[in-house]
Amino acid sequence: MSATVCISDVEKSYRAVRALRDVSFELAPGRLSALVGHNGAGKTTLIKLMLGLIRADRGDIRVLGEDPAAGEFAGRRLLGYLPENVAFNAALTGRETLAFYARLKSIKPATAWPLFERVGLAAAADRKVGTYSKGMRQRLGLAQALLGRPRVLLLDEPTTGLDPALRQTFYEILDELRDDGATVLISSHALNELEDRAEHVLIMNRGRLVAQGTMTELRTISRLPIRVGIDLAPETPTPAWMSGPRGAASHGHVMLVQDDAQKMALLRAAAADPDVRNIEIAAPTLDELYAHFLQSQETAA
């Protein structure tokens, strides 16, 4: 299936600051992608370009096959957006707020009411937004982003202010949208949340896209070691198969292997040893991959 978002050789500057430098990637339907990077890496600028709020200095941007900055961008109603800091009129109720945004998308307000239940605001729908907590305002922001069954959903730090239970509900909603064929992009610093959820990761640093791919692809590219912890029966001497240049048996018998082939060879040896009581495998985390690719770019610069 063709990509819903195509970014090709995009550059953007704010006077002397080069916010984006030669950035290219595609976002596919039915996939949750993560956009990660420190503050100032260019994430918010990318999202604004995809929304058509600003124009690139160079390059091409296509969202649902169109230029989002064009005056007649027909796909605008099929976009959902949740900014990092949501701001609503405090004098309006939650229901009045959602009705306002529904009308902007030419949606009948009544069709939006089920969203209150979906984001956990059913009991507060007719309260003024000024009485909402930060987490409640964030949930209201998510509800407005979900209006009209969006085909592209752009979320900037979406779980800020949500408790663990609501975070779980939030990701369940995203899973439903993804399964329905929507393109979901999350910009976030919560790398531990995204590690097991993102099917595609984009790593930004100083306006450049320094790496992209699935977690498996990023681990392969990085060549970071895989940690394999092996527990032996009490008072068992270190077996010969645990020694060698590729592994380091230390206290706790933690070994490092460089790739899946070495990992599988080690596991086969461990499985054949009756003194092995447990095996724990820890592949490089998204935090570790992020730090690795940023350091690699800094070293090459």
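What you are looking at is a predicted structure, and each value in this text was computed from that prediction instead of being measured.
Under a 3.5 Å cut-off, the side chain of Arg139 and the backbone N or O of Gly120 do form a donor-acceptor pair. No donor-acceptor distance shorter than 3.5 angstrom exists from the side chain of Glu117 to the backbone of Pro114, with no hydrogens or angles considered. Looking only at distances, a side-chain donor or acceptor of Ser222 sits under 3.5 Å from a matching main-chain atom of Leu218. Between the side chain of Ser13 and the main chain of Arg15, no donor-acceptor pair closer than 3.5 Å is present. Checking side-chain atoms of Glu288 against main-chain N and O of Thr285 turns up a donor-acceptor pair under 3.5 Å. The backbone N or O of Leu27 lies less than 3.5 Å from a partner atom in the side chain of Thr4, making a donor-acceptor pair. Looking only at distances, a side-chain donor or acceptor of Gln262 sits under 3.5 Å from a matching main-chain atom of Gln258. Within the 3.5 Å criterion, the main-chain N or O of Pro68 finds a donor-acceptor partner in the side chain of Arg76.
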TODO: For side-chain contact (heavy atoms from CB on, under 4.5 Å), just list the numbers for Lys43 and Glu84, CA-CA rounded to whole Å, side-chain angles, deciding distance to a tenth of an Å, and then say yes or no.
DONE: CA-CA 11 Å; Lys43 305 188 304 299; Glu84 179 177 1; over 6 Å; no
Open item on the list: Using side chain to side chain donor-acceptor pair (under 3.5 Å), reason through Glu157 and Ser187 one step at a time and then give a plain yes or no.
Closed with: CA-CA 6 Å; Glu157 298 293 344; Ser187 173; 5.1 Å; no
TODO: Given side-chain contact (heavy atoms from CB on, under 4.5 Å), test Leu46 with Phe25 step by step and report yes or no.
DONE: CA-CA 11 Å; Leu46 269 173; Phe25 62 86; 3.9 Å; yes
TODO: Could you walk me through whether Asn205 and Arg208 pass side-chain contact (heavy atoms from CB on, under 4.5 Å), step by step?
DONE: CA-CA 5 Å; Asn205 185 40; Arg208 295 189 184 277; 5.9 Å; no
TODO: List the steps and the verdict of side chain to side chain donor-acceptor pair (under 3.5 Å) for Glu193 and Tyr171.
DONE: CA-CA 10 Å; Glu193 288 184 12; Tyr171 283 112; 2.8 Å; yes
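Geometric assessment of Arg127 against the ring of Tyr132 yields a negative cation-pi assignment under the 6.0 Å and 45° thresholds.
Separating the CG atom in Asp260 from the OG1 atom in Thr216 is a distance of 8.0 Å, to the nearest 0.5 Å.
Ion pairing between Arg197 and Asp175 fails under the 4.0 Å rule for side-chain N and carboxylate O. Comment: Asp180 does not engage Arg178 in a salt bridge, judged by the lack of any side-chain N to carboxylate O separation of less than 4.0 angstrom. The residues Glu195 and Arg219 are annotated as salt-bridged, a charged nitrogen and a carboxylate oxygen being separated by less than 4.0 angstrom. Using a 4.0 Å cut-off between a side-chain N of Lys or Arg and a carboxylate O of Asp or Glu, Glu176 and Arg118 qualify as a salt bridge.
Taking the side chain as every heavy atom from C-beta outward, Arg137 and Val129 approach each other to under 4.5 Å.
Side-chain contact annotation: Asn278 with Glu280, donor-acceptor N/O pair under 3.5 Å present. Looking only at atom types and distance, the side chain of Thr93 has no donor-acceptor partner in the side chain of Asp126 under 3.5 Å away. Thr183 and Arg151 share no side-chain donor-acceptor pair at under 3.5 Å.
Under the rule for a side-chain contact (heavy atoms from CB on, under 4.5 Å), the partners of Thr44 that lie at least two apart in sequence or sit in another chain are Lys48, Asp156.
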